[in-house]
Amino acid sequence: APTLELRQVVQTFYQAGNAIEVLKGASLSVLPGEMVALVGPSGAGKSTLLQIAGLLERPRAGEVAIAGERCERLPDRRRTRLRRERLGFIYQFHHLLAEFSALENVVLPQMIAGRSRRAARERARELLARLGLDARESHRPSRLSGGEQQRVAIARAIANAPTVLLADEPTGNLDYETADSVFTSLLDIVRTTGLAALVATHNVPLAERMDRRLALENGVLVSL
Ligand code: ADP
Ligand code: ADP
């Protein structure tokens, strides 16, 4: 069964009195361990789709299911909880907390989810080691390279063992070689943890390495 499912999602925005239909019945499903590329020109609605899949926005119409649970009409409190427990997010810019070490950045979301500091630190160490950052645990983000910062952001995104990973241009800020190596780590994590990953990207070679490619065209998704 798909871990992430969107059915006939519609989203409309109003700009200067005009209705803009960004999504006009977008449907997709992502299976466990699968990484699906979301492509399309700037302004096509990729971020909007990720915000809806990530329970950050509600669609005007259509269905959103995470691990079989319909979410589009759940109360905010339940959606927030699902977001914490089931979803991981990675963005183009790492958004790490500047005053905290790499380790603490991975510990914090776990403590917010109720894990003890000790257990959270243990898991953070494991994740950072797995991403090749064991020697960087105590560094603040500003002392890390761009690739290292994105690796910490990956560790943070999966710290609470989500079932769905949503990424918006996760390697968009990195040079070609670094992007490739960070992507390889991300793909490895998806494969070994059975996460369902939806990744918006303009990077064609990386999209080619994913399992499938979906393009947003005129508000609907088409398989490439
Ligand atoms: P992409 O990520 O593919 O570049 P977006 O989802 O960011 O596309 O945006 C798609 C369109 O929807 C754009 O025209 C954008 O200006 C508009 N849009 C997105 N979010 C909002 C919003 N909250 N309010 C009004 N318009 C929005
Ligand atoms: P991207 O680089 O991924 O296309 P954008 O800069 O288009 O990102 O959008 C960043 C965020 O701002 C998204 O969450 C999107 O929904 C929101 N957004 C985009 N356009 C508008 C808009 N016209 N009004 C309000 N929010 C917007």
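One-based numbering, in listed order, for ligands and for the atoms of each.
- For a threshold of 3.5 Å applied to N or O pairs, the pair formed by Phe13 and ligand 1 contains no separation below that value.
- When only interatomic distances are considered, the shortest N/O to N/O separation between Ile20 and ligand 1 does not fall below 3.5 Å.
- Pairs engaging residues 28-40 under the salt bridge (Lys or Arg N to Asp or Glu O under 4.0 Å) rule: Glu34-Arg212 [sequence neighbours left out].
- Ligand-side atoms of ligand 1 in range of Ser47: 1 (P), 2 (O), 6 (O), 7 (O), range being under 4.0 angstrom from any heavy atom.
- Under the salt bridge (Lys or Arg N to Asp or Glu O under 4.0 Å) criterion, the residue pairs touching residues 142-167 are Arg136-Glu148, with sequence neighbours excluded.
- Side chains of Gln51 and Thr48: no donor on one and acceptor on the other come within 3.5 Å.
- The proximity of Thr48 to ligand 1, defined as any non-hydrogen pair under 4.0 Å, involves the side chain as well as the backbone.
- Counting the atoms of ligand 1 from 1 in the order shown, those under 4.0 Å from a heavy atom of Ser42 are 4 (O).
- Judged purely by distance below 3.5 Å, without hydrogens or angles, the side chains of Arg209 and Thr184 pair a donor atom with an acceptor atom.
- With a heavy-atom cut-off of 4.0 Å, Pro41 touches ligand 1 through its backbone alone.
- Using cut-offs of 30° and 60° on the angle between ring planes, the pair Phe89 and Tyr91 is parallel.
- Between the side chains of Glu57 and Gln11, a donor-acceptor pair is found at a separation under 3.5 Å.
- Within ligand 1, counting atoms from 1 as listed, the ones closer than 4.0 Å to a heavy atom of Gln15 are 16 (O), 17 (C), 25 (C), 26 (N), 27 (C).
- Near Val22, meaning under 4.0 Å from any of its heavy atoms, are these atoms of ligand 1: 10 (C), 11 (C), 12 (O).
- For the pair Gly40 and ligand 1, no heavy-atom separation below 4.0 Å is found.
- When only modelled atom types and interatomic distance are considered, Asp188 and Ser185 share no side-chain donor-acceptor pair under 3.5 Å.
- Close approach of ligand 1 to Lys46 is summarised as follows: ligand atoms under 4.0 Å from at least one heavy atom of the residue are 1 (P), 2 (O), 3 (O), 4 (O), 6 (O), 8 (O).
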